[in-house]
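This structure is in structure tokens; I'll ask about it shortly.
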Amino acid sequence: MIVPYTLLFDEDRGSGPGLPLLFQALYGSDWRMPPPPAERPYTFTNFVVSQDGRISFDEPHRSGGGEVSRHAPHDVWLMALIRARADAILTGGGTLRAAGRHRWTPWETFPAAEVELAALRAAEGRQPLPLLVVISGRGDLPATAPALHVPGQPLLIATTAAGAERVRAALPDHPNLTIVVAPGERVDLAPLLRSLRVDHGITTLLSEGGARVYGELLRDRLIDEVFTTLSPIIVGNRVPPAPPRTSLVEGTAFSPDDPPRLHLVSLRRFEDYLFQRAMVLDAKARSSV
């Protein structure tokens, strides 16, 4: 396991289910899970960000968040805990292609805690493995990616009509595959999250999609809670015309009149890393601050 985080402050006043004492002792306090909205899952995200706001070096085979976190044990333990409380994990086709051999299980990042994390899922009434939800409008997924073939893990591909044909051709005999077809030429997140809640019984959703998925979730007011690890490194950026390295939000620009705003709930530290948990304020709360 890890040594406990240093808790700097915690203002969580939630009344939902909390963590077992073992996890509270390491995390420094509780994390209570609010009830989900009726129309979608309770949705949270988890990112590691450099000091200059980048989430990736965008280099071949070195584009994941682990390069930004330097694979810090406290970051990967927290990722494991956050995954363990998710009924489903959402990611994009691009993230899947860049992930190599990574699998979206709670203990993938911290295998030493598998027994405790599995027990947490069971105690909260969750399935042994979270549903993996992959957004891919074109359906051009790497058919042999290990993430698509984890024994016992259900898989849902959200795609278009044309993409669905590619998915069926690539994964013809997948035992746990569900395909959700969007009515247009792209996958909109609001209908997808509604389907996850209403049709599939998903109450908690972790988004591990990239910067564009995060931007769309923020734009459509679909995020409730944000976990952010601030890494002590500086990633920097390339000189144009080279493509820029990815920042936390891409593809969405917010108005200065009413940008999304976070309310900081807790802050933890280990060595030079900070671990922030925040709630996304709704329109009424934003107008009052």
Side-chain angles (χ1 to χ4, degrees), residues 5 10-19 23-24 27-49 55 65 69 74-92 95 104-106 108-110 117 120-121 124-127 129-135 156 189-190 192-194 196-197 200-230 248-249 252 260-268 274-282 285:
Y5 299 76
D10 191 333
E11 297 179 353
D12 185 3
R13 301 294 181 263
S15 58
L19 295 172
F23 290 103
Q24 289 189 42
Y27 194 46
S29 65
D30 209 347
W31 165 25
R32 296 194 173 275
M33 184 68 69
E39 72 282 1
R40 62 171 177 80
Y42 189 82
T43 303
F44 39 98
T45 65
N46 181 35
F47 281 98
V48 58
V49 182
I55 63 171
S69 75
H74 286 71
D75 180 63
V76 295
W77 182 89
L78 183 56
M79 178 186 291
L81 174 62
I82 293 169
R83 285 183 176 184
R85 303 199 79 184
D87 288 335
I89 299 175
L90 174 73
T91 192
T95 301
W104 273 267
T105 68
E108 175 78 2
T109 63
F110 208 95
L117 294 168
L120 173 61
R121 291 189 66 81
E124 294 190 337
R126 307 191 195 284
Q127 295 298 314
L129 289 171
L131 171 68
L132 177 61
V133 180
V134 181
I135 303 170
L156 186 150
L189 291 180
L192 174 60
L193 266 60
R194 187 180 308 114
L196 290 175
R197 180 76 177 94
H200 301 276
I202 301 300
T203 62
T204 56
L205 175 68
L206 167 62
S207 174
E208 290 195 14
R212 290 184 177 274
V213 172
Y214 185 38
E216 186 173 340
L217 288 168
L218 285 169
R219 183 197 67 201
D220 294 342
R221 314 300 190 193
L222 299 173
I223 290 185
D224 301 288
E225 195 165 337
V226 175
F227 290 83
T228 307
T229 297
L230 183 60
L248 186 57
V249 175
T252 302
R261 178 163 176 166
L262 304 182
H263 169 66
L264 193 59
V265 173
S266 68
L267 189 65
R268 290 162 174 78
L274 290 174
F275 303 88
Q276 172 185 297
R277 178 185 168 209
M279 311 296 289
V280 180
L281 296 177
D282 60 23

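Bear in mind the structure is a predicted one, so any value in this text is a computation, not a measurement. Both backbone and side-chain heavy atoms feed into the values below; hydrogens, waters and symmetry mates do not.
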Original post:
Hey, does Val134 have a side-chain heavy atom less than 4.5 Å from the side chain of Trp104?
Top reply: no
**OP:** Give a yes or no on whether the backbone of Ala84 and the side-chain of Arg121 come within a donor-acceptor separation of less than 3.5 Å.
**Re:** yes
**OP:** Classify the angle between the aromatic ring planes of Phe275 and His74 as parallel (below 30°), tilted (30 to 60°) or perpendicular (above 60°).
**Re:** tilted
**OP:** Keeping the roles fixed (side chain from Asp224, backbone from Thr43), state whether a donor-acceptor pair exists under 3.5 Å.
**Re:** yes
Original post:
Within the distance-only criterion (no hydrogens, no angle test), does the side chain of Arg197 pair as donor or acceptor with the backbone N or O of Thr203 below 3.5 angstrom?
Top reply: no
**OP:** Give, for atom CG of Leu193 and atom CD1 of Ile202, the distance between the pair rounded to the nearest 0.5 Å.
**Re:** 10.0 Å
Original post:
Between Leu117 and Ala80, which heavy-atom pair has the shortest distance, and what is it?
Top reply: CD1-CB, 3.7 Å
Subject >> Residues that Glu11 engages under salt bridge (Lys or Arg N to Asp or Glu O under 4.0 Å), provided they are two or more places apart >> reply: none
**OP:** Can you sort out the partners of Trp77 under side-chain hydrogen bond (donor to acceptor under 3.5 Å, both in side chains), two or more places apart, ordered by chain and number?
**Re:** none
Original post:
Heavy-atom distance under 4.5 Å between the side chains of Ile89 and Leu131, does that happen here?
Top reply: no
**OP:** Please round to the nearest 0.5 Å and tell me the distance separating atom CZ of Arg40 and atom CG of Asp220.
**Re:** 10.5 Å
Original post:
How about Phe47 and Tyr214: do any of their side-chain heavy atoms sit closer than 4.5 Å?
Top reply: yes
Original post:
Roughly how far apart are Glu216 CD and Ser207 OG, rounded to 0.5 Å?
Top reply: 10.0 Å
Original post:
How would you list, by chain and number, every residue that makes a side-chain hydrogen bond (donor to acceptor under 3.5 Å, both in side chains) with Thr229, sequence neighbours excluded?
Top reply: Asp75
Original post:
Could you give the distance from CD1 (Ile55) to CG (Leu248), rounded to the nearest 0.5 Å?
Top reply: 6.0 Å
Subject >> Nearest-0.5 Å distance that lies between atom CG in Leu19 and atom CD in Gln24 >> reply: 6.0 Å
**OP:** Evaluate the side-chain proximity of Leu129 to Pro106: yes if any heavy-atom separation is below 4.5 Å, no if none is.
**Re:** yes
Original post:
Is the shortest heavy-atom distance from the side chain of Leu78 to the side chain of Tyr27 under 4.5 Å?
Top reply: yes
Subject >> Sequence-distant partners of Tyr42, ring-ring contact (aromatic ring centres under 6.0 Å, His included), two or more places apart >> reply: none
Subject >> side-chain contact (heavy atoms from CB on, under 4.5 Å) evaluation trace for Leu274 with Arg268 >> reply: CA-CA 6 Å; Leu274 290 174; Arg268 290 162 174 78; over 6 Å; no
**OP:** Ignoring hydrogens and angles, tell me if any N or O in the side chain of Arg277 forms a donor-acceptor pair with the backbone of Leu264 under 3.5 Å.
**Re:** no
Subject >> N-O pairing of Arg83 and Glu208 below 4.0 Å >> reply: yes
**OP:** Answer whether the closest heavy-atom distance between the side chains of Ile135 and Leu90 falls below 4.5 Å.
**Re:** yes
**OP:** Establish, from distance only, whether the side-chain atoms of Asp10 and Ser29 form a donor-acceptor pair under 3.5 Å.
**Re:** yes
**OP:** Could you tell me whether the side chain of Glu225 reaches within less than 4.5 Å of the side chain of Met279, counting heavy atoms only?
**Re:** yes
Original post:
Taking C-beta and beyond as the side chain, do Ser266 and Asp12 meet within less than 4.5 Å on heavy atoms?
Top reply: no
Original post:
For the atom pair CZ (Arg261) and CG (Asp282), what is the distance rounded to the nearest 0.5 Å?
Top reply: 12.5 Å
**OP:** For the pair Leu156 and Leu196, evaluate side-chain contact (heavy atoms from CB on, under 4.5 Å) and give the outcome as yes or no after the intermediate values.
**Re:** CA-CA 10 Å; Leu156 186 150; Leu196 290 175; 4.1 Å; yes
Subject >> Residues in side-chain hydrogen bond (donor to acceptor under 3.5 Å, both in side chains) contact with Gln127, at least two apart in sequence or another chain >> reply: none
Subject >> Thr228 backbone acceptor or donor facing Gln276 side chain under 3.5 Å >> reply: no
Original post:
Residues in side-chain hydrogen bond (donor to acceptor under 3.5 Å, both in side chains) with Tyr5, at least two apart?
Top reply: none
**OP:** Check the pair Phe110 / Leu81 against side-chain contact (heavy atoms from CB on, under 4.5 Å), numbers first and verdict last.
**Re:** CA-CA 9 Å; Phe110 208 95; Leu81 174 62; over 6 Å; no
Subject >> Minimum-distance pair of heavy atoms, taken over all atoms of Ala86 and Pro130 >> reply: O-CB, 3.5 Å
Subject >> Stepwise side-chain contact (heavy atoms from CB on, under 4.5 Å) check, Val133 with Thr91 >> reply: CA-CA 6 Å; Val133 180; Thr91 192; over 6 Å; no
**OP:** Answer yes or no: is there a donor N or O on one side and an acceptor on the other, between the side chain of Thr204 and the main chain of Arg85, under 3.5 Å?
**Re:** yes
Original post:
Where is the tightest heavy-atom contact between Val48 and Ser69, given as atom of each residue plus distance?
Top reply: CG2-CB, 3.7 Å
